[in-house]
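Heads up: the structure comes next, in structure tokens.
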There are 2 protein chains.
Amino acid sequence: MTRKTATVLRDALEHEIVEGRLRPGEHLDEMSLAARFDVSRTPIREALLGLESSGLVEIRPRRGAFVRRVSARELVEMFETMAELEAACCRFACQRMTDAQEDVLMRRLQRCEEAAASGDVERYYAENELFHTAIYAASGNSFLEAQSRMLQSRLKPFRRHQLHARGRMTQSQTEHRDIVASIRAGEQQRVVDVIRAHIVVQGEKFTSLIASLEAEERAKAS
Amino acid sequence: MTRKTATVLRDALEHEIVEGRLRPGEHLDEMSLAARFDVSRTPIREALLGLESSGLVEIRPRRGAFVRRVSARELVEMFETMAELEAACCRFACQRMTDAQEDVLMRRLQRCEEAAASGDVERYYAENELFHTAIYAASGNSFLEAQSRMLQSRLKPFRRHQLHARGRMTQSQTEHRDIVASIRAGEQQRVVDVIRAHIVVQGEKFTSLIASLEAEERAKAS
DNA sequence: GTCAACTAAATTGTATACAATCTTTTCGGG
DNA sequence: CCCGAAAAGATTGTATACAATTTAGTTGAC
């Protein structure tokens, strides 16, 4: 924990934004938030500053903080970037994954397998996240790992509902097996191609949904 | 400008850290800084929080802010990640660079050429930065572009002195020409290989220097 | 009736005050 | 003389107060 209250507040607000309780474009009034959490404006401001640099809120001078609304284009760009980061992790994993890292990766793959077999989407969603985290660690580059985790958490809310798409879960798991096999075989070019497709497909699937939401927003605004 | 005073303070502190006036490990006392800039602690704190999330300072609870000291290992990891980001930018540029983006890139390459010919290292240093920025823009992915610029600015202080290495400037410019030619020819695999080498060499060159600095620090501490 | 300008309310940005924790110094014991 | 504990000092974290700017509401003119 970096700080006492401010960090807790930041996590709470982050959660509410990610869960959609605080809607995109919504104005985050410092006094209201301070009253709601029963603290002063000071730690609220610090939390908002942190959320700004993680990209969840936008602070406009003398206007206040607003829940950032991501455009369809930006979302696609983030997924595309995520794909490149994960591709880099896989490439490095091919070159230097340790036995311990490989063990973790295999265990996580197995847990995804079980979750997929159970048909429990929420469970697969959680295991899937851990699986990808294991890939980041296997890169042997802590900085790249941290960057990947940051973007992963930022894309989290957009990945959640996506897995419910018909047949997506088993398809995803098939790709997972392919990725692990390729890494273990040291097939850099193959794993890079597979993981790019694995990640980008999520962004593409979501584009139309977001685009329609945007059209809806625009209609509401007029 | 995001805010009025706090942003100015952040830029000022960032500059002092990057320029080495504030040394790694140094304790950033809020009251002293407030007195020095003739403001209250409030905007100082906000500036420090921003610097923390950009990775320049570390805030330890109830201990205060310290200029972050990057280890040799972390530095190598950052350069390695930078190489992957730039490789991704080049790859996308091969696929979708616009004519306007290509024009900018060519102009920046030319300016590097002139700077290299003049032998003015500081000038080449500045033009080199703009050249790479043009590559990020040519990726056609604003998010990736922003991420690349962030890491670029973070690595800035470590790149500066490095160009003074004998023959490095002309070697660098040769690589620049190669990169642009490959992008224009759409040779993805080639450009990716070249840019990786172009970036990583800087990190490697610096590893031994940083390692020796660390040894020095340890000696001083004991 | 509509639009513009002025005034008042509300909100952000900064300064100051207070509380809690950590650091340092001093005093006492071994 | 050195080590440890307690108290004083210093520094961070939070709350409150004030200033500056924006926004909304009202009033007046056309």
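Residue numbers start from 1 in every chain, and the chains themselves are labelled A, B, ... in the order their sequence lines are given, proteins ahead of strands. All heavy atoms count here, side chains included; hydrogens, waters and symmetry mates do not.
Put simply, A/Ser40 has a side-chain N or O that comes within less than 4.0 Å of OP1 or OP2 on D/dA15. Look at A/His27 and you'll find a side-chain N or O under 4.0 angstrom from OP1 or OP2 of C/dT12. OP1 and OP2 of D/dG13 both lie 4.0 Å or more from every side-chain N or O belonging to B/Arg63.
Atom CZ of B/Phe66 and atom P of D/dT11 are 12 Å apart (whole Å). Between the C1' atom of D/dT23 and the CG atom of A/Asp29 lies a distance of 13 Å, rounded to the nearest Å. In this structure, CZ of A/Phe37 is placed 13 Å from P of D/dA15, rounded to the nearest angstrom. With rounding to whole Å, B/Arg45 atom CZ is found 14 Å from C/dA15 atom P. If you measure from atom CG of B/Leu33 to atom C1' of D/dA10, you get 16 Å, rounded to the nearest angstrom. The CD1 atom of B/Ile59 sits 14 Å away from the C1' atom of D/dT11 (whole-angstrom rounding). The interatomic distance linking B/Glu46 (CD) with C/dT14 (P) rounds to 6 Å, in whole Å. Rounded to an integer number of Å, the gap from A/Arg60 CZ to C/dT11 C1' is 14 Å.
A perpendicular orientation is assigned to the rings of B/His176 and B/His132, their planes being inclined by more than 60° (bins at 30° and 60°).
In terms of position on DNA chain D, the residue among B/Thr42 and B/Glu30 whose nearest nucleotide sits closer to the 5' end is B/Glu30.
Look at A/Arg21 and A/Glu26 and you find no salt bridge, because none of the NZ, NE, NH1 or NH2 atoms lies under 4.0 Å from a carboxylate O. Salt bridge status for B/Arg159 with B/Glu129: absent, with no side-chain N to carboxylate O gap under 4.0 Å.
By the 4.5 Å heavy-atom criterion applied to side chains, B/Leu105 and B/Leu109 are not counted as neighbours.
The base of D/dG13 is paired with the side chain of B/Arg41 by a donor and an acceptor separated by under 3.5 Å. For B/Arg62 against D/dT12, a side-chain N or O and a base N or O form a donor-acceptor pair under 3.5 Å.
Here the side chain of B/Arg111 pairs no donor or acceptor atom with the backbone of B/Glu127 at under 3.5 angstrom.
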